[in-house]
Amino acid sequence: MPQGTNLASSSLNEADAASKGYGWVLAFLVLLNQLLCKFSTSVRDILEEVYHVVAGRIYIVIPRDGFPSRSRAVSEETRKLIKLQRTLYTFLHVMATHDFSSVFLTPKSIVHLETMMHLLLNTSCTHKDITVRKVPDFQKFMIDTFAKKLLFVQWTG
């Protein structure tokens, strides 16, 4: 069997396994949210070590272009993924409001930044709930939080 085929099939198997076993990721996100809110900066090192693993699992299973509208029948699997996405957004909000956004720019985590940004931007434009779409000063927050830090990291690195 050609080596490329092995890589493709292992990627499919990994994605399939990730989609079936993401319940632990949901529970872990909830735990991380609680730790961030309670202990704040004292968990930064832990967050820098685990964020890239959690993000890698989540971004495999959550569709980049959103979910089907509620007018169609929604499967139990889609409901679970929507709950995971909602919990992810809560987690990202907690990270941003507790000044952990620099974790997104660590060497291990920066590979997920584009996927995260695409997901956030797509959801902010297309989500069925208007309150989710109208995030005040979203553009300013993104520029202040990421663009300036990313330029600094690239300039100093």
Side-chain angles (χ1 to χ4, degrees), residues 6-68 74-129 131-133 135 138-139 141-154 157:
N6 287 338
L7 290 175
S9 64
S10 73
S11 295
L12 289 175
N13 290 339
E14 183 179 314
D16 188 42
S19 68
K20 289 182 173 44
Y22 59 83
W24 72 268
V25 177
L26 180 65
F28 193 64
L29 276 180
V30 171
L31 175 63
L32 282 175
N33 279 336
Q34 293 169 349
L35 290 172
L36 291 174
C37 292
K38 181 155 179 104
F39 299 108
S40 194
T41 57
S42 50
V43 294
R44 179 177 299 277
D45 292 340
I46 295 170
L47 190 57
E48 287 179 0
E49 290 300 317
V50 299
Y51 171 74
H52 68 97
V53 175
V54 174
R57 299 288 181 184
I58 291 173
Y59 297 139
I60 288 173
V61 297
I62 292 180
R64 290 183 98 192
D65 297 325
F67 293 99
V74 178
S75 69
E76 183 63 28
E77 182 73 13
T78 302
R79 282 190 200 98
K80 289 178 182 178
L81 288 173
I82 291 169
K83 183 176 182 179
L84 178 63
Q85 184 184 45
R86 189 177 301 125
T87 306
L88 170 66
Y89 291 159
T90 301
F91 174 70
L92 295 175
H93 180 261
V94 169
M95 283 184 68
T97 57
H98 287 83
D99 201 26
F100 286 106
S101 56
S102 63
V103 170
F104 301 132
L105 301 176
T106 62
K108 291 179 182 178
S109 300
I110 200 161
V111 297
H112 301 294
L113 187 61
E114 182 181 340
T115 304
M116 179 186 73
M117 296 302 295
H118 179 83
L119 192 61
L120 288 170
L121 288 171
N122 184 56
T123 303
S124 69
C125 294
T126 62
H127 198 275
K128 67 176 184 60
D129 185 354
T131 59
V132 172
R133 286 187 286 177
V135 179
F138 181 70
Q139 184 179 14
F141 168 76
M142 298 309 289
I143 291 169
D144 289 347
T145 303
F146 298 110
K148 291 177 183 175
K149 288 179 184 177
L150 185 57
L151 288 174
F152 178 75
V153 167
Q154 290 176 345

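Every value quoted in this text rests on a predicted model; they were computed, and no experiment measured them.
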Full working for side-chain contact (heavy atoms from CB on, under 4.5 Å) between Leu88 and Leu92 | CA-CA 6 Å; Leu88 170 66; Leu92 295 175; 4.0 Å; yes

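- With contacts defined as side-chain heavy-atom distances shorter than 4.5 Å, the pair Val50/Phe28 qualifies.
- Among all heavy-atom pairs drawn from Arg44 and Ser102, the shortest one is NH1-OG, 3.1 Å.
- When every heavy atom of Asn33 is checked against every heavy atom of Phe91, the shortest pair comes out as OD1-CA, 3.0 Å.
- Rounding to the nearest 0.5 Å places NE2 of His93 at 11.5 Å from CG of Leu120.
- Counting only heavy atoms from C-beta outward, the side chains of Ile58 and Leu29 approach each other to under 4.5 Å.
- Counting heavy atoms from C-beta outward, Gln85 and Leu119 have side chains that approach closer than 4.5 Å.
- At a threshold of 4.5 Å between non-hydrogen side-chain atoms, the residues Phe100 and Val94 do not count as touching.
- One distance of note links CD1 of Ile82 with OG of Ser75; it measures 8.5 Å at 0.5 Å rounding.
- Judged as a ring pair (Phe, Tyr, Trp, His ring centres under 6.0 Å), and not counting sequence neighbours, the contacts of Tyr51 are Phe104.
- Residue His118 qualifies as enclosed at atom NE2: its count of foreign heavy atoms under 6.0 Å is above 12.
- For the side chain to side chain donor-acceptor pair (under 3.5 Å) test, no residue two or more places apart in sequence or in another chain qualifies with Thr90.
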Going through the distances and angles, do Val61 and Arg57 end up as a side-chain contact (heavy atoms from CB on, under 4.5 Å)?
-> CA-CA 7 Å; Val61 297; Arg57 299 288 181 184; over 6 Å; no

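- In this structure, the separation between SG on Cys37 and CG on Leu32 is 10.5 Å, given to the nearest 0.5 Å.
- Under a 3.5 Å cut-off, the side chain of His112 and the backbone N or O of His52 do form a donor-acceptor pair.
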Starting from the C-alpha separation in whole Å, work towards a yes-or-no answer on side-chain contact (heavy atoms from CB on, under 4.5 Å) for Glu48 and Ser109.
-> CA-CA 8 Å; Glu48 287 179 0; Ser109 300; over 6 Å; no

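- Considering only residues two or more places apart in sequence or on other chains, Glu76 meets the side chain to side chain donor-acceptor pair (under 3.5 Å) condition with Arg79.
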